[in-house]
Structures are given as structure tokens and as C-alpha cells.
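Below is one structure, written out as C-alpha cells; comments come after it.
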Number of protein chains: 2
Amino acid sequence: MSDPPGLSVLLGFQFAKCGSWLEQRLADGLAPHGLKVRHFLVLAMLGEAATLSQQQMATYLSLDPTLMVALIDDLERQRLVERTRDPADRRRYAIRITAKGRQSLAKARTVADAVGDEVFAPLDRAERRQLADMLGRVMAAYWDGRQSGSIGTARP
Amino acid sequence: MSDPPGLSVLLGFQFAKCGSWLEQRLADGLAPHGLKVRHFLVLAMLGEAATLSQQQMATYLSLDPTLMVALIDDLERQRLVERTRDPADRRRYAIRITAKGRQSLAKARTVADAVGDEVFAPLDRAERRQLADMLGRVMAAYWDGRQSGSIGTARP
DNA sequence: TATTGTTATACTCTATAACTATA
DNA sequence: TATAGTTATAGAGTATAACAATA
């Protein structure tokens with residue numbers, strides 16, 4: 001199970017390196033829109049789930065729940081997101097994306113696609129799909145290992 | 001060039017997620033050996049380059065040079081690494097891995113391989129090689145974009 | 001004048017503990 | 001009693017600026 005010695009080391013290092021490259025380029029691209037990567041991820045989640053609580057989003061992003069407060073504050077201040085109390089459980093908020101939020105999300109997606117095209121330029125379309133497939137399987141195992149259910153209809 | 005909409009977003013997110021998973025598991029595995037991931041990466045570089053300066057390593061790891069000071073201090077204190085002045089340029093140190101350092105490196109590699117086997121369990125050997133190949137091409141483009149030459153004989 | 005390594009300091013990011021309001 | 005959200009505070013990690021030695 002061990003191929004050339006050091007494959008895992010190299011693979012892991014390149015993984016981290018490529019990941020931080022992606023994140024940095026995305027951060028650069030989103031900055032002019034007044035968004036950080038996390039804001040974008042929150043919007044992306046809310047773009048597919050109608051309504052989510054802060055805890056749900058914190059869990060999925062592996063973020064401390066206290067960090068969600070300022071994060072949602074930011075988005076609410078920009079009117080990209082709304083806080084309404086969940087009638088079923090008045091302790092939680094039912095966070096919802098606004099129409100303006102969807103517009104920002106669309107722009108941010110364009111940025112993200114451009115960054116992806118730049119970083120993954122050496123790979124053709126078939127390879128990118130294959131990469132996404134492999135990563136999907138790896139991360140499915142991760143989520144299963146956490147025994148955590150999906151959010152909404154699917155894992156964003 | 002844009003496949004299913006949002007592919008880049010998902011790909012990027014899973015990339016970051018998988019990368020931090022790898023890093024966390026590696027950190028857990030190395031902790032009992034008194035090493036952090038960065039110590040390991042430094043040892044891995046020195047395991048293939050005979051001698052490197054602090055600046056060279058900082059550049060390759062995309063780390064602030066000031067952070068290398070304490071990092072090398074740690075490794076030197078454990079006698080895993082030696083600082084000797086570079087005779088060719090007495091401003092720099094020629095950092096060299098020790099015999100004890102090679103032993104630690106070997107153990108750390110075992111840990112890293114185990115972590116890799118765990119995280120990439122859903123992928124068979126051919127897929128892992130393919131993943132490594134694709135990542136290698138992507139990161140080669142990254143380094144070329146930086147116009148930075150290789151360190152020693154190869155990019156670790 | 002520029003570069004390597006060093007130190008001290010300031011800054012950013014994150015987690016912890018304590019609180020409220022609901023359940 | 002436990003959970004969602006909030007606040008203030010402490011801690012870790014990182015970068016910045018100024019310095020000494022060498023080029």
C-alpha cells in the first residue's frame with residue numbers, strides 16, 4: 001500500500017500548498033467585492049438551503065460558533081443576509097439569503113470559477129472532473145467518519 | 001472551460017477541507033515525537049539537500065524568515081539539525097541534518113505514510129498516483145509562475 | 001548598498017469562559 | 001439540565017521594524 005516512498009509526504013505537502021494558493025487567489029479576487037472567503041462560503045451554503053442556523057453553518061465550516069456572530073453581522077450589515085427567529089425554536093436564528101445576497105453570490109462564483117480556471121489550468125476538463133470525483137470520495141469518507149448528517153438536501 | 005456551474009467552488013472547498021484534515025491528522029501523529037508539521041517539512045527538505053540556508057527553506061515553505069529562527073532553534077536543541085556557517089558566504093548558516101535527525105525523519109515519514117493511507121483510503125494505488133501526477137503538474141505551474149528556481153537538485 | 005539572521009514588538013486570528021434567552 | 005447565540009478576554013500564531021554582521 002505504499003508506492004514510491006514519500007508519496008504521501010509529497011502528496012500532502014502539495015495538497016496544502018495548492019489549497020493555500022487557491023484560498024489566497026480567491027481572497028484576492030473577493031476583496032474588491034468586500035467579501036472574505038468565509039463570507040462567500042456562507043452565502044454559497046445559504047444559496048442552496050433556504051434557511052440555516054449559525055450553529056449548522058459553524059459545524060459545516062468547522063468554525064467556532066462564536067466566530068459566526070461577527071460573520072453574520074458583516075453580511076447582515078451589507079443586507080446580503082437576514083436574521084429571523086426560527087419559530088420552531090426561538091433560540092435559533094433562521095438565516096436566509098436576500099436577493100442582494102444572491103447577486104453578490106453570483107459575482108463571487110464568477111470570481112471563484114476564474115480562480116479555479118487559473119489554478120487548474122494544467123488539467124483538461126476530464127481531469128478536473130476526475131479530480132473532483134476523487135476528492136468527493138475522499139471527503140465522503142471524512143464526513144462519514146464524523147457520523148454527521150448532511151445539511152439540507154446535500155453537502156454543499 | 002466551465003463544466004457544471006460551481007465545480008470550482010466545490011473543488012476549492014473540498015481541497016481546503018481535505019488539506020486541513022491531512023494537516024491535522026499529521027500534527028496529531030507527530031506530536032508524540034515532539035515535532036510539529038513544520039519541523040517535519042524542514043527535516044524532509046534537509047534529508048534531500050545536504051545543506052540549506054534558513055532563507056532558502058523559508059522561501060520554499062512560504063514562511064516569514066523570522067519564523068525560521070525559532071524553528072531551527074527547536075531542531076538544533078533536539079540535535080536533529082546542525083548550524084554551521086557557510087564558508088562561501090559567512091552571513092548564512094549551512095543547515096545540515098544529523099544522524100539523529102535522519103532517524104526522526106524516518107519515523108515521521110512512517111507517520112505521514114500512515115496518515116496518507118488513512119485519508120486517501122477510498123482511492124486505489126493507480127488513482128493515488130494519478131492524483132499525485134495531476135497535483136504535480138498544477139504545482140509546477142505555480143512554481144513557474146513564481147519564476148523561482150529549484151532548491152538543490154529537485155523540489156522536495 | 002543589499003542580504004542573512006536575529007530580536008522585540010505589534011497585530012491578527014482563534015478559542016475560552018461567562019452570560020441571556022429559550023427549550 | 002442543555003442548547004443557540006452573544007460578549008469580553010486571553011492566547012496562539014504571524015508579520016513588522018530595527019539591528020548586527022557580512023557581502
Side-chain angles (χ1 to χ4, degrees), chain A residues 16-17 19-21 23-24 26-28 30-31 35-42 45-46 49 51-77 81-96 148-149 151-152, chain B residues 16-17 19-21 23-24 26-28 30-31 34-42 45-46 49 51-77 81-96 148-149 151:
Chain A
K17 207 74 174 163
S20 62
W21 182 22
E23 189 163 358
Q24 187 54 57
L26 183 57
D28 294 343
L30 292 178
L35 295 176
K36 303 209 170 187
V37 175
R38 289 176 178 185
H39 296 128
F40 169 51
L41 292 174
V42 166
M45 276 192 287
L46 292 173
T51 209
L52 290 171
S53 74
Q54 296 183 188
Q55 296 271 352
Q56 283 177 303
M57 294 190 277
T59 299
Y60 187 69
L61 295 179
S62 301
L63 238 49
D64 191 284
T66 61
L67 297 175
M68 290 301 300
V69 180
L71 209 49
I72 301 299
D73 283 350
D74 294 338
L75 294 171
E76 200 180 31
R77 202 174 305 117
V81 141
E82 281 174 348
R83 267 198 257 241
T84 56
R85 283 288 170 187
D86 183 342
D89 184 343
R90 291 179 44 72
R91 288 175 303 184
R92 7 183 133 176
Y93 285 124
I95 314 284
R96 185 192 316 275
S148 110
I151 291 180
Chain B
K17 207 69 175 167
S20 62
W21 182 22
E23 189 162 359
Q24 187 54 56
L26 184 57
D28 294 344
L30 291 178
L35 295 176
K36 304 208 169 190
V37 175
R38 288 174 178 186
H39 296 127
F40 170 51
L41 292 174
V42 166
M45 276 191 288
L46 291 172
T51 210
L52 290 172
S53 74
Q54 296 182 189
Q55 296 270 352
Q56 282 177 303
M57 295 190 276
T59 299
Y60 187 68
L61 296 180
S62 302
L63 238 49
D64 192 285
T66 60
L67 298 176
M68 291 300 302
V69 179
L71 208 50
I72 301 299
D73 283 349
D74 294 338
L75 293 170
E76 198 180 34
R77 204 175 304 117
V81 141
E82 280 175 349
R83 267 182 175 118
T84 55
R85 284 288 170 188
D86 183 342
D89 184 342
R90 290 180 43 72
R91 288 174 303 183
R92 12 182 128 177
Y93 284 124
I95 314 284
R96 185 190 317 273
S148 111
I151 291 179

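Because the structure is a prediction, the values reported are computed rather than measured. Below, chains carry the letters A, B, ... as their sequence lines are ordered, and counting in each starts from 1.
For the pair B:Lys36 and B:Leu71, the minimum side-chain heavy-atom distance is 4.5 Å or more. A:Ile72 has its side chain out of reach of A:Tyr93: every pair of non-hydrogen atoms, C-beta onward, lies at least 4.5 Å apart. No side-chain heavy atom of A:Asp74 sits under 4.5 Å from any side-chain heavy atom of A:Val81. For the pair B:Leu26/B:Phe40, a side-chain contact is recorded, criterion being any heavy-atom separation below 4.5 Å from C-beta on. Put simply, the side chain of B:Leu46 does not reach to within 4.5 Å of the side chain of B:Leu75, judged on heavy atoms. With a 4.5 Å cut-off on side-chain heavy atoms, B:Arg38 and B:Leu67 count as touching.
Protein chain A contacts DNA chain C over a range whose 5' and 3' limits, counting nucleotides with an atom under 4.0 angstrom from a non-hydrogen atom, are C:dC13 to C:dA23.
Map A:Arg91 and A:Ala70 each onto its nearest nucleotide of DNA chain D; the residue landing nearer the 5' end is A:Arg91. If B:Lys36 and A:Val69 are placed on DNA chain D by their nearest nucleotide, the residue sitting closer to the 5' end is A:Val69.
Residues from residues 82-90 of chain B lying near DNA chain C, meaning a heavy-atom separation below 4.0 Å, are B:Arg83 in numerical order.
The separation between B:Met68 atom CE and D:dG13 atom P is 16 Å, rounded to whole Å. Distance CG (A:Leu63) to C1' (D:dT6): 16 Å, rounded to an integer number of Å. Distance, A:Gln55 CD to D:dA2 P: 16 Å, rounded to whole Å. Rounded to whole Å, atom C1' of D:dG5 lies 13 Å from atom CD of A:Glu76. Spacing between atom CZ of A:Arg92 and atom P of D:dT3 amounts to 11 Å, rounded to whole angstrom units.
Atom CD of A:Glu76 has more than 12 neighbouring heavy atoms from other residues, nucleotides or ligands inside a 6.0 Å radius.
For the side-chain hydrogen bond (donor to acceptor under 3.5 Å, both in side chains) test, no residue two or more places apart in sequence or in another chain qualifies with B:Thr51.
Across all their heavy atoms, B:Ala58 and B:Pro65 have their closest contact at CB-CA, 3.9 Å.
Base contact: A:Thr66 has a heavy atom under 4.0 Å from a base atom.
Under 4.0 angstrom from either OP1 or OP2 of D:dT6 there lies at least one side-chain N or O belonging to A:Gln54.
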